[in-house]
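Proteins get letters first, then strands, A, B, ... in listed order; numbering begins at 1 in each. The structure displayed is predicted, hence computed values, not measured ones.
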Amino acid sequence: MAQYMLSVHHDGTEDFESMTPEELQPIFEAVDRFNKEVQEAGKWVFAGGLEPIESATTVDNTKGEALVTDGPFSESKEFLGGFWIIESADLDEALDWAQRGSAACAGRVEVRPFQPEPPTE
Amino acid sequence: MTDLEQVFRAEHGRVVATLARRFGDLDIAEEATSEALVVAVERWPRDGVPPNPGAWLTTVATNKALDRVRREGRRDAKQAEATLMDEQMRRDPEETGPVDDDRLRLIFTCCHPALAPENRVALTLRLLGGLSVAEIAHAFLVPEATMAQRITRSKAKIKQAHIPYRVPAAGDLPSRISAVLAALYLVFNEGYLASGAISRAQAASGEDSVLVPVREDLCAEAIRLTRLTSSLLPDHPETDGLLALMLLTQARSPARVVDGVLVTLDEQDRRLWDAALIDEGHAIVRRCLARNRPGRYQLQAAINAVHTDALDVTMTDWGQVLALYDRLAAIDPSPVVALNRAVAVAELDGPEVALSLVDGLAGSLAGYHAFQATRADLLRRLGRRDAALAAYDEAIRLAGNPAENAWLTARRDSI
């Protein structure tokens with residue numbers, strides 16, 4: 001078993017802001033159903049949706065003095081919207097969950113394995 | 001190629017695949033196989049080739065791999081052991097998929113959709129074909145360091161992302177086999193239409209560059225791997241179709257380049273064609289027709305079967321060729337298929353009708369040498385000399401293959 005992060009990325013072309021609650025409701029329900037499936041399959045580790053990218057603050061303490069700036073670290077229009085962390089036997093299984101997750105949240109999903117945990121001596 | 005090299009190339013995939021299953025690690029599998037080959041190079045010339053070279057190499061490679069696992073310490077050994085146990089536990093029919101063959105699993109691992117298509121081909125050639133990184137770099141016209149990096153990165157992704165080492169379940173097979181067939185077809189085409197490969201080593205050393213019109217070894221490797229895939233998936237029509245397509249194309253190879261100049265189908269000496277390959281290809285095409293589940297490789301094979309059926313070019317059944325292109329165009333409405341279809345139209349309805357079809361493709365194909373060459377030929381047949389010369393010049397400018405270039409130049413100069 002390995003852990004994978006299934007992250008949902010927005011590229012600025014989606015317009016969730018102007019969608020009405022009636023339009024968003026089916027997406028929320030589909031994501032709820034998907035979350036339950038992941039939990040019932042025993043694959044759930046953690047998941048969450050993030051507040052809009054405007055809520056981000058970046059801290060840089062790499063040069064000896066902490067610099068706090070308003071906004072995301074990257075200027076790109078792509079940003080992370082939310083993610084699932086799941087347990088999965090291999091990439092094929094993770095890709096299968098990602099397919100269903102992508103359909104549920106109506107967004108593209110990136111699949112990345114976590115590094116293995118360091119050995120315990 | 002020496003006998004030893006032939007044995008190595010034939011057995012390489014089998015040994016790597018067996019070790020990959022046992023140790024669950026492509027790097028260990030590949031390095032142990034290389035070490036076993038080194039031992040064979042020392043011993044076989046002295047003691048003779050063992051009766052079952054594949055089994056001999058597998059045993060030696062397994063021992064080398066175990067040595068390495070032990071050398072690398074307890075933690076890795078434990079992991080390898082765990083992987084081994086895990087693999088053995090998974091070896092029930094459902095988990096291993098419809099066919100349990102180590103090489104087929106390795107092909108599907110190398111051609112996993114999570115790897116970039118060009119890396120799938122490179123990895124397949126390296127691990128199953130046993131081609132060196134230098135040879136693969138040569139075939140793809142990239143520096144050896146670039147190819148080495150691509151192969152290393154692909155193997156790392158297989159390991160880090162846990163791309164499974166198995167034949168997909170029956171339900172996933174139709175969608176996954178197409179990537180495998182596409183990779184094998186690219187390998188074959190790279191051999192058949194070698195892009196005028198210049199050896200980088202030679203170019204760097206200042207020797208005369210060597211232009212190679214056909215890479216026989218790549219064609220043979222692609223056929224061998226497709227044959228293997230087909231024997232392991234006996235009921236898959238497109239796999240058979242691809243095999244027949246390769247056999248019927250390869251059969252014409254002896255007549256295709258003479259003195260470094262391409263000889264087109266209509267002018268080939270058909271007595272040079274390989275009758276055994278043609279018979280085998282025709283038999284497979286008949287089997288495909290009986291199944292009646294046509295796909296793009298089967299249709300291309302059927303077109304090649306019609307061509308290889310004619311004792312000389314005047315006996316070609318162009319009506320049937322066109323009918324097959326019509327069906328192919330329905331499945332694959334690409335401009336390249338439309339271009340090839342126009343060639344058959346020219347034989348049936350004359351060059352003028354064909355030219356209007358070809359001119360309609362200029363938007364998407366103007367930069368493709370075969371488009372310019374086809375257009376040049378139609379203009380030549382219509383007596384439009386200046387336009388034909390211009391199209392030949394454009395085709396020569398775009399063609400990368402030396403034999404093709406020589407033929408186009410001769411055609412242009414003969415107008």
Quiz item: Could you state the interatomic distance from CG (A:L91) to CG (B:L115), rounded to the nearest 0.5 Å?
Solution: 9.0 Å
Quiz item: From A:M1 CE over to B:H162 NE2, what is the distance, rounded to the nearest 0.5 angstrom?
Solution: 11.0 Å
Heavy atoms from other residues, nucleotides or ligands near [atom1] of [X] exceed 12 (cutoff 6.0 Å):
X      : atom1 : value
B:R176 : CZ    : yes
A:E23  : CD    : yes
B:R293 : CZ    : no

Quiz item: Just by distance, with hydrogens left out, do A:D92 and B:H112 show a side-chain donor and acceptor under 3.5 Å apart?
Solution: yes
Quiz prompt | side-chain hydrogen bond (donor to acceptor under 3.5 Å, both in side chains) against A:E37, all qualifying residues, sequence neighbours excluded | solution = A:R100
Exercise. Counting only heavy atoms closer than 4.5 Å, note whether A:F114 contacts chain B via side chain, backbone, both or neither.
Key: neither
Quiz prompt | Closest approach of A:P113 to B:A161 (non-hydrogen atoms, all atoms of both residues) | solution = CG-CA, 3.5 Å
